[in-house]
2 protein chains.
Amino acid sequence: MRTRRQATLASLAAELGVSRTTVSNAYNRPDQLSPELRRRVLETARKLGYPGPDPVARSLRTRKAGAVGLLLTEALSYAFRDPAALGVLEGLALACEDAGVGVQLVPASPGKDNIDAVHRAGVDGFVVYSVPDDDPHLEAVLQRPVPTVIIDQPVVADVDRVGPDDKAAMASLADHLIELGHRDIGVLCMRLSRERRNGFVSRERQEKASYHVQRARLAALAEAFEAVGVDWSTVPVVERFEHTIEDGASAARQLLDAHPHVTALVCTSDILALGALKEAQRRRLQVPADLTITGFDGVPEGERADLTTVRQPVREKGRCAGKLLLDPNRRVGSAAVTPEVITLETELRIGRTSAPPRTAEQRWFGP
Amino acid sequence: MRTRRQATLASLAAELGVSRTTVSNAYNRPDQLSPELRRRVLETARKLGYPGPDPVARSLRTRKAGAVGLLLTEALSYAFRDPAALGVLEGLALACEDAGVGVQLVPASPGKDNIDAVHRAGVDGFVVYSVPDDDPHLEAVLQRPVPTVIIDQPVVADVDRVGPDDKAAMASLADHLIELGHRDIGVLCMRLSRERRNGFVSRERQEKASYHVQRARLAALAEAFEAVGVDWSTVPVVERFEHTIEDGASAARQLLDAHPHVTALVCTSDILALGALKEAQRRRLQVPADLTITGFDGVPEGERADLTTVRQPVREKGRCAGKLLLDPNRRVGSAAVTPEVITLETELRIGRTSAPPRTAEQRWFGP
DNA sequence: GTTCGGAACGTTAACGGTTCAGTAGCCTCG
DNA sequence: CGAGGCTACTGAACCGTTAACGTTCCGAAC
């Protein structure tokens with residue numbers, strides 16, 4: 001038993017002396033045949049060990065796979081550690097569950113450019129999350145004649161897009177810091193390109209970052225601080241390829257070692273900020289008295305630390321993408337009627353990790 | 001553009017005046033045709049907007065879908081909150097990523113018995129995790145003529161099985177408590193059946209639990225404590241349908257309200273134990289001085305609380321299941337050569353939440 | 001000059017269903 | 001009594017590939 005498929009619709013039909021159509025109907029349209037015959041069909045099926053219509057053959061005919069693909073260019077395993085990615089996944093799963101379709105995690109390891117996986121995925125659509133703009137996987141997805149929704153990416157013609165306005169969101173956070181009086185800041189950011197790099201980042205690299213989100217957030221910061229007279233080229237920005245608390249801590253250390261005078265550490269993610277907090281603690285710096293630290297995303301761990309951050313509805317991103325993909329009214333064939341660009345609300349959350357910088361006097365003599 | 005599939009292998013072949021096979025070979029076996037022709041094929045493909053061989057048609061022909069299904073009878077969204085489930089998912093994803101195959105989350109909401117999703121999933125195999133023994137989804141999976149690996153379930157004939165020896169693991173924890181001197185314990189456990197129930201559990205219900213894992217852990221406790229003369233029918237066991245820290249807390253409250261004399265709260269999961277810790281704190285009980293609390297699983301959150309628990313390699317469970325499923329040497333057709341039953345190691349971890357019970361004297365006068 | 005062998009490409013037959021346009025038989029109704 | 005409609009079922013086309021062989025061609029070897 002449990003060997004190579006033995007029975008098919010045809011063999012069942014032959015055994016019963018009815019047409020394939022009738023057998024098919026027994027499974028898919030019970031109202032199209034007499035209950036008695038249907039019962040016989042199903043019984044014979046059980047007897048012959050026929051497991052019901054083959055899903056792949058059915059998909060070929062109906063042009064429906066019953067699943068959507070999720071592409072994120074990270075080791076899949078990583079996705080399960082980053083709370084933000086997890087939120088997206090959860091939201092997407094939620095939307096898909098409602099519609100009764102599966103979510104297929106498409107393997108797209110950043111190392112080997114295994115484009116093939118994208119070509120081989122039998123899915124009705126793709127959600128693309130957080131991949132670099134120049135990622136070949138993304139290109140491969142766009143090639144496929146199925147609807148696609150991209151999250152946190154720059155808008156592509158004819159493709160739905162979901163995400164917050166990263167630039168505006170970061171601008172509001174920048175304003176908060178500026179209002180507090182910070183002028184001497186440092187920045188911790190995530191990976192800016194596909195190649196592994198860590199350390200200080202030139203302005204050019206910031207502007208050429210292939211991750212839209214990082215680019216937007218850095219640009220917003222630069223713009224806001226330049227507007228109050230800060231020379232952005234003097235602002236230290238440290239990049240980390242990996243996105244973990246430990247990397248955040250090491251980035252903070254690298255930055256503070258070289259620029260001990262900064263009064264605020266702006267991080268482009270909560271994870272990095274949590275790492276920065278750790279490093280501050282190691283240095284016995286009081287947060288926020290000695291050092292302001294801010295994050296981005298609004299993940300639960302950050303919440304617990306009462307981090308000043310920008311909350312974005314991560315779960316909603318995924319859910320929204322799923323809904324967009326699955327809404328049957330929105331599509332004719334596989335083309336979106338009108339490609340939608342949905343901008344999600346963000347919220348500046350002021351926690352206990354931001355405060356005015358100490359004045360020079362305070363620095364020397366304490367508060 | 002991006003409309004209904006316009007070009008196929010056949011139309012491309014016609015356009016080029018070659019056979020379909022040749023076009024197919026251009027994609028799948030470059031060595032089977034001259035580089036020059038191949039170049040022409042690919043170029044024409046681009047011109048005609050042919051996105052390459054259709055994955056579903058290919059799957060039908062090759063009988064390979066390039067994905068494995070993961071069935072867990074929980075709202076998918078829940079799976080992303082339970083660290084243990086997440087670990088399994090991560091491990092599975094890891095193994096699949098290595099092999100370049102996708103992981104499809106099969107929607108199987110516990111409410112509506114949407115068996116169909118199982119039938120419709122175009123996958124090369126299934127991993128079944130933590131579903132009740134009598135779940136119709138499980139039955140549907142076993143019907144499918146594809147290899148299956150089950151995790152944390154009782155052994156099914158001809159199907160691979162991965163999991164720890166829950167009974168032995170819980171027995172070792174029980175021994176630890178017995179050695180410490182606990183005889184008056186209470187138990188917090190997870191869902192025991194598919195129907196929603198919360199509250200105290202009769203012995204019969206414990207033994208008839210349709211979740212293998214819970215059944216095994218409870219049985220191990222009963223056995224161990226009866227061996228030292230405890231009448232198990234007097235031991236309060238509280239069940240919670242939902243598996244959250246809050247539910248753990250409320251379960252602990254319910255139990256302690258009715259049985260304030262217990263010296264230890266044994267929980268069948270770390271999550272429940274974390275809830276119990278919370279409730280203990282609310283009652284201003286010292287843990288472990290006033291009350292011993294133990295968990296099960298060894299999740300990071302529990303680690304942080306220095307919980308006494310049983311560590312099990314959750315990630316390894318998923319990875320192992322994936323490897324088993326994907327190992328080409330292990331199967332002829334779709335039947336496993338020899339169905340494997342892999343028992344994973346567990347480790348008793350004694351943290352700071354377990355200690356000897358206070359003597360009666362200590363209870364009245366303090367330590 | 002025939003044979004041989006490999007490169008390059010073609011033919012045919014699945015793979016396992018779904019769907020749509022019938023058709024036969026029976027009932028109803030004016 | 002014939003038109004019309006409904007029920008229950010059938011036949012054939014089609015979905016887009018790939019697998020397993022065939023065929024052709026051409027230069028080298030015997």
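Order of the sequence lines sets the chain letters (A, B, ...), proteins ahead of strands, with each chain counted from 1. Just the heavy atoms: all of them, side chains too, but no hydrogens, waters or symmetry mates, feed the values below. Since this is a predicted model, take the numbers as computed values, not measurements.
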Sequence neighbours left out, what passes side chain to side chain donor-acceptor pair (under 3.5 Å) with S24(A)? Give chain and number order.
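Checked S24(A) against side chain to side chain donor-acceptor pair (under 3.5 Å); matches are N28(A).
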For T62(A), give me all partners under side chain to side chain donor-acceptor pair (under 3.5 Å), at least two apart in sequence or on another chain.
none
May I have the distance from [X] (atom [atom1]) to [N] (atom [atom2]), rounded to whole angstrom?
X	N	atom1	atom2	value
K64(A)	dT19(C)	NZ	P	12 Å
Y27(A)	dG17(C)	OH	P	9 Å
N28(B)	dA20(D)	CG	P	14 Å
R38(A)	dT7(D)	CZ	P	17 Å
L60(A)	dA13(D)	CG	P	18 Å
R120(B)	dG17(C)	CZ	P	13 Å
L16(A)	dT10(D)	CG	C1'	15 Å

Does L138(A) reach the side chain of Q153(A), with side-chain heavy atoms less than 4.5 Å apart?
yes
Nucleic acid footprint by protein, nucleotides 6-14 of chain C - heavy-atom cut-off 4.0 Å, B for base, S for sugar-phosphate alone
--SBBB-BB
To the nearest 0.5 angstrom, please state how far the CG atom of L325(B) sits from the CG atom of D124(B).
8.5 Å
Quick one: do [X] and [Y] make a salt bridge, cutoff under 4.0 Å?
X	Y	answer
E36(B)	R39(B)	yes
R81(B)	E90(A)	yes
E43(B)	R40(B)	no

Among the nucleotides dT19(C), dT17(D), dG16(C), which one has an atom lying closest to any side-chain atom of D54(B)?
dT17(D)
Degree of bending, the helix from dG1(C)-dC30(D) to dG30(C)-dC1(D) (end axes from five pairs; round to 10°)
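End-to-end axis angle for the helix from dG1(C)-dC30(D) to dG30(C)-dC1(D): 50°, rounded to 10°.
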Can you tell me if Y50(B) touches the phosphate of dT17(D), counting only side-chain N or O atoms and a distance under 4.0 Å to OP1 or OP2?
yes
Need to verify one output field. Residue with the more 5' nearest nucleotide on DNA chain C, S24(A) or A57(B)?
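Closer to the 5' end of DNA chain C: A57(B).
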List in chain and number order the residues that pass side-chain contact (heavy atoms from CB on, under 4.5 Å) with T22(B), two or more places apart in sequence or in another chain; answer none if no residue qualifies.
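Partners of T22(B) under the side-chain contact (heavy atoms from CB on, under 4.5 Å) test: V18(B), S19(B), L33(B), L37(B).
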Return each pair, listed once, that meets ring pair (Phe, Tyr, Trp, His ring centres under 6.0 Å) where at least one residue sits in residues 8-48 of chain B; pairs must be two or more places apart or across chains.
Y27(B)-Y50(B)
At under 4.0 Å between heavy atoms, what does R29(A) touch on the DNA or RNA strands: base, sugar-phosphate, or nothing?
sugar-phosphate
